[in-house]
2 protein chains.
Amino acid sequence: MDMMQMNIGETAKHSGVSAKMIRHYEGIGLIPKATRSYSGYRTYAASDVHTLRFIRQARNLGFSIKQIEQLLGLWRNQRRPSSKVKALAQAHIAELDARIAEMQAMKRTLQDLAVHCHGDDRPECPILDGLAAPLAADASGARRGRAASTRH
Amino acid sequence: MDMMQMNIGETAKHSGVSAKMIRHYEGIGLIPKATRSYSGYRTYAASDVHTLRFIRQARNLGFSIKQIEQLLGLWRNQRRPSSKVKALAQAHIAELDARIAEMQAMKRTLQDLAVHCHGDDRPECPILDGLAAPLAADASGARRGRAASTRH
DNA sequence: GCTTGACTTTACCATCATAGGAAGGTGCAC
DNA sequence: GTGCACCTTCCTATGATGGTAAAGTCAAGC
């Protein structure tokens, strides 16, 4: 097996990125166009696997493709200021915080409703009542002073 | 103004669900087809607004359309056992918990990396190093596919 | 040589909930 | 009778991924 040049399947295995997504990343310009074999198969080198692993790791941490595009640029730039990387990371942490807070607010509201539900054969149900309530119990923002969430 | 029958715009205002989404919900069968005026405009009654508010509240709590379909069925069924509603709610709470935990793991990993980054003009950066690391620091304890935010 | 099976290619469709726009018809106030 | 706000349907896009189909390629076994 020639590890210096491999087909997309092997590259997928080594990088943890599916062949499907490798093609997709190439299509949207996140990674450069792969070199092709005589018959048209994409061929990859170890450095490509390295890049794809970087991408996968960033995805695992929840970075969007756009953010990864920037991270890749910084990664490749030997003269980057680390402040830019840190800023990207912190912005993403803030995003995560916002989404976590939003979901925690949902959870709390839902638990408040569920606590009072008997959960037996009878039809009375405070959960349904809460959902049907005119304008109360909006977990996506105001209730109990939760941080405003991604309104729109 | 005649509150007993309104057009879609007014219904949207009263329910908090956009006209766009009301049509969409009708299209996917979440709500029944609206009655039409002689010229083809959809017309709604107060009870429709009520249903739409129920849907919006459930969406605010992060329920999926499929879950809302079930909740609506239970809501309309006078002989429902409240246990079914509670089970739905608790399943959703579990989903929220899983997503919260996943994002918290991401956040933690990211913070661990960021803490050691100087964030100045120099290029050294533990964040990039962490992303490039062979197979370490995998914060995605859970599945990837479901990780996207609840709204975008 | 020929067959088989595992791989590759492109292209298109689906997801999920929502938003935007185009192109044209309707309703009402002035 | 005109202008404007509203309504209609249909199409497109989002973001990251999975799936499928039809066709071409490669290597091994016979």
Side-chain angles (χ1 to χ4, degrees), chain A residues 1-2 5-31 33-44 52 55-69 92 95 99 102 106 140 149-152, chain B residues 1-2 5-13 15-31 33-44 52 55-69 92 95 99 102 106 140 142-152:
Chain A
M1 48 178 174
D2 184 0
Q5 283 302 118
M6 22 182 182
N7 284 343
I8 201 168
E10 195 140 7
T11 307
K13 262 179 224 154
H14 289 309
S15 66
V17 179
S18 72
K20 203 92 190 171
M21 289 314 295
I22 295 175
R23 295 193 194 95
H24 178 63
Y25 290 157
E26 178 182 317
I28 63 174
L30 184 64
I31 57 177
K33 290 191 180 175
T35 57
R36 299 288 185 127
S37 74
Y38 153 79
S39 60
Y41 284 16
R42 287 173 181 80
T43 56
Y44 298 92
L52 286 166
I55 292 170
R56 196 205 43 164
Q57 301 265 66
R59 287 289 307 138
N60 282 153
L61 292 181
F63 283 101
S64 71
I65 296 295
K66 272 191 185 164
Q67 290 171 316
I68 293 174
E69 221 166 319
H92 182 47
E95 280 172 38
R99 293 203 270 145
E102 184 180 3
M106 291 176 180
S140 73
S149 62
T150 55
R151 278 252 59 78
H152 61 255
Chain B
M1 49 182 160
D2 184 1
Q5 284 300 117
M6 25 183 178
N7 284 343
I8 200 170
E10 195 139 5
T11 308
K13 262 178 224 154
S15 66
V17 178
S18 72
K20 209 92 187 168
M21 290 313 296
I22 296 176
R23 294 193 194 97
H24 178 62
Y25 290 155
E26 178 183 317
I28 63 175
L30 184 63
I31 55 176
K33 290 191 181 177
T35 56
R36 301 287 186 129
S37 73
Y38 88 100
S39 60
Y41 286 16
R42 287 174 180 79
T43 55
Y44 298 92
L52 286 166
I55 293 170
R56 197 206 43 166
Q57 301 266 66
R59 288 287 310 137
N60 282 153
L61 292 181
F63 284 101
S64 71
I65 296 295
K66 271 192 185 164
Q67 290 171 317
I68 294 174
E69 223 167 317
H92 183 48
E95 278 173 38
R99 294 203 270 146
E102 185 180 2
M106 290 177 181
S140 77
R143 267 289 31 81
R144 192 89 277 301
R146 216 57 202 102
S149 65
T150 58
R151 326 210 202 308
H152 49 221

Sugar-phosphate, base or nothing in reach of A/R42, heavy atoms under 4.0 Å: sugar-phosphate

Check whether any side-chain N or O of B/Y25 sits under 4.0 Å from OP1 or OP2 of C/dA17, and answer yes or no. no

Rounded to whole angstrom units, what separation is found between the [atom1] atom of [X] and the [atom2] atom of [N]?
{"X": "A/I55", "N": "D/dG15", "atom1": "CD1", "atom2": "C1'", "answer": "15 Å"}
{"X": "B/N7", "N": "D/dC7", "atom1": "CG", "atom2": "C1'", "answer": "7 Å"}
{"X": "A/R59", "N": "D/dG15", "atom1": "CZ", "atom2": "P", "answer": "11 Å"}
{"X": "B/R99", "N": "C/dC16", "atom1": "CZ", "atom2": "P", "answer": "13 Å"}
{"X": "A/M6", "N": "C/dT8", "atom1": "CE", "atom2": "C1'", "answer": "16 Å"}
{"X": "B/R23", "N": "D/dC11", "atom1": "CZ", "atom2": "P", "answer": "16 Å"}
{"X": "A/Q5", "N": "C/dC7", "atom1": "CD", "atom2": "P", "answer": "19 Å"}
{"X": "A/Q67", "N": "D/dA16", "atom1": "CD", "atom2": "P", "answer": "9 Å"}

Of A/I31, A/L52, A/T11, A/I8, the one forming a side chain to side chain contact (heavy atoms under 4.5 Å, CB included) with A/V17 is A/L52

Minimum-distance pair of heavy atoms, taken over all atoms of [X] and [Y]:
{"X": "B/E26", "Y": "B/R36", "result": "OE2-NH2, 4.0 Å"}
{"X": "A/Y44", "Y": "A/I22", "result": "OH-CG2, 3.3 Å"}
{"X": "B/R59", "Y": "B/F63", "result": "NH1-O, 2.6 Å"}

Any chance you could measure A/Q67, atom CD, to A/L61, atom CG, to the nearest 0.5 Å? 11.0 Å

Nearest-0.5 Å distance, CZ of residue A/R99 to CD of residue A/E95: 7.0 Å

Heavy-atom nearest nucleotide on DNA chain C for B/K66 versus B/S18: which residue maps closer to 5'? B/K66

Where protein sits on nucleotides 20-30 of chain C, one letter per nucleotide: B base, S sugar-phosphate only, - none, heavy atoms under 4.0 Å: BB---BBS---

Between A/F63 and B/R36, which residue's closest nucleotide on DNA chain D lies nearer the 5′ terminus? B/R36

With distance as the sole criterion, is a donor-acceptor pair present between the side chains of B/T43 and B/T35 under 3.5 Å? yes

